[in-house]
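Here's the structure we're looking at; comments come further down.
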Amino acid sequence: MMNTVADDFFKKIVDDANTAVLYAEPSVPNSLSTKEYFVKYANQSAQNFFSFSFESIEKKSLGELVNYDEIIILANKVLETGEEDNFNIIVKEEDNLLSYQVRINSFDTGLLFTLTLVKPNFINDKESKAPLGSLESRKRELEISNLFGIRVLDSNDSIICYLKPIFNKKGDVEDFRIDYINNRMGEIANEESAFIEGQTILEYYPNNAENGVLEILADGYLSGENKEYTKEFIFDEESVWLTTRAVKMNDGLILFSKDVTQEKTYEAQLFIQNRLLSEAEHVANIGSFRWNLAKEEIKYSDNVYRLFGYDPKEFDDKYDRLLTFLHPNDLHKVKSSFKEAKKNKTKSDLVFRVYTKSNELKYMNTIGECYQKEGNWYMVGVIRDVTKQIEAESILQIKNTELKRTNADLEAFNRVASHDLQEPLRKIQMFVSRLDEEEEGRLSNRSQGYLSKIKYSSDRMRNLINNLLSYSKIDEVGEQPRRVDLNDVLNNVLEDLGERINDLDAKVVSVSLPVVNGIQFQLEQLFANLIGNSLKYVKEDVQPNIQIKGSIVSGDKSSVESLLPNINYVKLQFIDNGIGFEKKYQEKIFEIFQRLHGKTEFSGTGLGLSICKKIVQSHNGTITAKGELGKGAEFTVYLPTLL
């Protein structure tokens, strides 16, 4: 009787205790390792805590009744070692997070589980008049503490959450339950924290299994090591990048996640800009560098390595390594220049020779500027491969030397033509004239014919010399181009040719002509030569008819290839009805000393149209010719306009 009373007494005490007490035995008797435990006893507090009644647990395992999977793992450990184990779990009840201490002891043929609420240490409530340690004071302190903690967490810029692992039957972590998450996540995902809490991370975001997050968290929980990762998440079709640090705490993980979407956007933009810069450097055949003057370290862009014949990062970034590429004769120059720039923080600009990886000699130009940042001095600049430019300049210098020599020869020719040739020619003409006067009437007809031919040839030679001088001196004019009205030019020329026009009864028709920038006397010579050419090559018994037209045309709308497309030109047309010429002579007609007819047919030296072409070219223009034999010729001049 006494044993029955004692049993009932102690059962009453255990059932009424605040500590949850649960006893379970392994599914396999006397086994030291099992996957399942069956509950044999649970007091009222345990039934309340795990939300079941004792009558409903028949043939149900502990894993089916308890949601905390780590309990099974630790139960196996206690069953195997016989040593007590304990840990804490955080449980959310209504709006509070409560901490329970779990103890597992070996008892009889099974295990005894106890869960005790860990009560916080309360401080004095200065705002209330309730005595220290009273129920009202403790309740108020708990409310203040919870409210303060939640507000602190919610005011944090980071997403803070606490996860509890979920194990499969093999003891592997297959998911994590979200026990707590602050409001920061709600701001990013546009969802209330209360909706997120209680879900697993795969339920809330299934892609966590594919993006590696679940694997990282499981490894961090099992190893106890802190884990850091950065992943992209999609919320409402918006991309969000989170950098997360996972720390194991008690039987779960606490995660601190920072929104780095903006940084990732800047990083992507920077990557694109760097890629564009790299491509631009490659196309422009240049590279860039940044030199830490204090550490003698030079950071090169990828294309600098390529300029030296190497793959990116193939040689180190030390200053002394750069010197090994230099041509021996340029070593002192480069070291002195950099030393001066480093000492005085001045700009560096020099050209030097280097040997590439394939031992090819190249010319490099480097331009660097110094600047200070956070107390350190740096030089930034560019390196260009100027080998082709140097070679082109060398060729140009050779050409300039040849041109100077040619100009000197031309000047010598001018001196010969203007003095040495003309002086004996004047004497020939003088003595021929005296001979003609003194022997007039006494020479035979044959001798008189010879004398006439001498006079004709000497006159022609003088004209030829004068035309050659005019041709050679076109580019030597000291006069600066100015505004020239082509109507004034035409009037002056027609006045000079007036007698000849009257003798031929020629008809000259012109429209109003534009204004150009040029040398007036040369333009008058151009008009005189072209109009005089039309007056020379006339058809017999046909009244000469010369038309002069002027208009403005755009270079890109003209069929003349030599015209620039973005410039307007004055187009001048000189059209006659003379004897014309064959099409095959359209280009040849402007060559020096080129004559399409014999000396006896038409007078001239063959330099008139050559002089016209050179005058037009000196005015940055173009002249063309076209004709039809027996029907006339047309010469077209294009001169840049002032408009």
Side-chain angles (χ1 to χ4, degrees), residues 62-63 66-81 83-93 96-104 113-118 120 145-146 149-150 152-154 156-185 193 196-231 233 241-260:
L62 181 65
V66 179
N67 291 327
Y68 302 97
D69 306 284
E70 193 171 12
I71 291 179
I72 305 298
I73 297 174
L74 295 178
N76 287 338
K77 180 181 177 182
V78 173
L79 187 66
E80 181 179 352
T81 63
E83 297 179 358
E84 175 187 313
D85 203 345
N86 64 83
F87 59 96
N88 283 20
I89 60 173
I90 304 295
V91 179
K92 184 175 182 181
E93 295 181 2
N96 298 321
L97 293 175
L98 303 180
S99 176
Y100 284 87
Q101 185 181 51
V102 181
R103 293 179 182 273
I104 305 177
F113 300 82
T114 60
L115 292 88
T116 306
L117 178 65
V118 179
S145 177
N146 287 339
I150 292 173
V152 168
L153 293 177
D154 284 341
N156 198 292
D157 289 336
S158 298
I159 300 169
I160 302 175
C161 65
Y162 184 71
L163 308 179
K164 293 292 291 293
I166 298 174
F167 299 88
N168 59 22
K169 293 183 178 181
K170 295 180 180 180
D172 299 325
V173 177
E174 64 177 8
D175 204 345
F176 285 88
R177 186 177 63 251
I178 305 171
D179 274 12
Y180 169 78
I181 190 165
N182 66 348
N183 286 339
R184 180 68 176 132
M185 184 62 188
S193 299
I196 302 173
E197 291 174 353
Q199 298 187 59
T200 70
I201 64 172
L202 294 185
E203 289 173 345
Y204 180 66
Y205 198 82
N207 198 42
N208 279 327
E210 299 175 4
N211 62 15
V213 169
L214 177 60
E215 183 180 353
I216 295 171
L217 296 179
D219 182 60
Y221 176 80
L222 295 175
S223 66
E225 297 177 357
N226 296 341
K227 297 291 182 179
E228 293 187 5
Y229 59 89
T230 300
K231 298 289 182 180
F233 300 87
W241 284 87
L242 298 177
T243 291
T244 302
R245 186 169 186 263
V247 179
K248 186 173 183 180
M249 188 180 77
N250 295 332
D251 60 335
L253 290 175
I254 185 167
L255 272 56
F256 303 89
S257 301
K258 183 179 180 181
D259 185 356
V260 293

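- In this structure, the side chain of Tyr162 engages the main chain of Gly252 through a donor-acceptor pair within 3.5 Å.
- Taken to the nearest 0.5 Å, the CD1 atom of Ile254 stands 9.0 Å off from the OH atom of Tyr180.
- Side-chain atoms of Val173 and Phe167, non-hydrogen and from C-beta on, do get closer than 4.5 Å to each other.
- Rounded to the nearest 0.5 angstrom, Lys77 NZ and Glu83 CD are separated by 8.0 Å.
- Nearest heavy atom pair, residue Leu253 against residue Leu217, reads CD1-O, 3.4 Å.
- Using a 4.5 Å heavy-atom threshold, the side chains of Asn211 and Tyr205 count as touching.
- Note on Asp175 versus Arg177: no salt bridge recorded, every NZ/NE/NH1/NH2 to OD/OE distance being 4.0 Å or above.
- Judged as a ring-ring contact (aromatic ring centres under 6.0 Å, His included), and not counting sequence neighbours, Tyr204 has no contacts.
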(request) Kindly determine whether Thr244 and Ile216 satisfy side chain to side chain contact (heavy atoms under 4.5 Å, CB included), including the steps that lead there. (result) CA-CA 11 Å; Thr244 302; Ile216 295 171; over 6 Å; no
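- Contact of the Asn208 side chain with the Phe233 side chain is registered, since non-hydrogen atoms from C-beta on lie closer than 4.5 Å.
- The closest donor-acceptor contact from the side chain of Glu197 to the backbone of Ile181 lies under 3.5 Å.
- In this structure a side-chain-to-backbone donor-acceptor pair under 3.5 Å is missing from Tyr229 to Ala246.
- In this structure, Glu215 places its CD atom where only 12 or fewer heavy-atom neighbours from other residues, nucleotides or ligands lie under 6.0 Å away.
- Note that NZ of Lys164 and CZ of Phe176 are 11.0 Å apart. Values are rounded to the nearest 0.5 Å.
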(request) Applying side chain to side chain contact (heavy atoms under 4.5 Å, CB included), run through Glu228 and Thr243 and close with a yes or a no. (result) CA-CA 7 Å; Glu228 293 187 5; Thr243 291; 5.8 Å; no
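- The OG1 atom of Thr200 lies 9.0 Å from the CD atom of Glu174; values are rounded to the nearest 0.5 Å.
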(request) Test side chain to side chain contact (heavy atoms under 4.5 Å, CB included) on Leu242 and Val260 and set out the steps. (result) CA-CA 6 Å; Leu242 298 177; Val260 293; 5.9 Å; no
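- At least one donor-acceptor pair under 3.5 Å links the side chain of Asn182 to the backbone N or O of Ile160.
- If you take CD1 on Ile104 and CG on Asn76, they are separated by 9.5 Å, rounding to the nearest 0.5 Å.
- Considering CZ of Phe256 and CD1 of Ile159, their distance stands at 12.5 Å, rounded to 0.5 Å.
- Contact of the Asp251 side chain with the Val102 side chain is not registered, since no non-hydrogen atoms from C-beta on lie closer than 4.5 Å.
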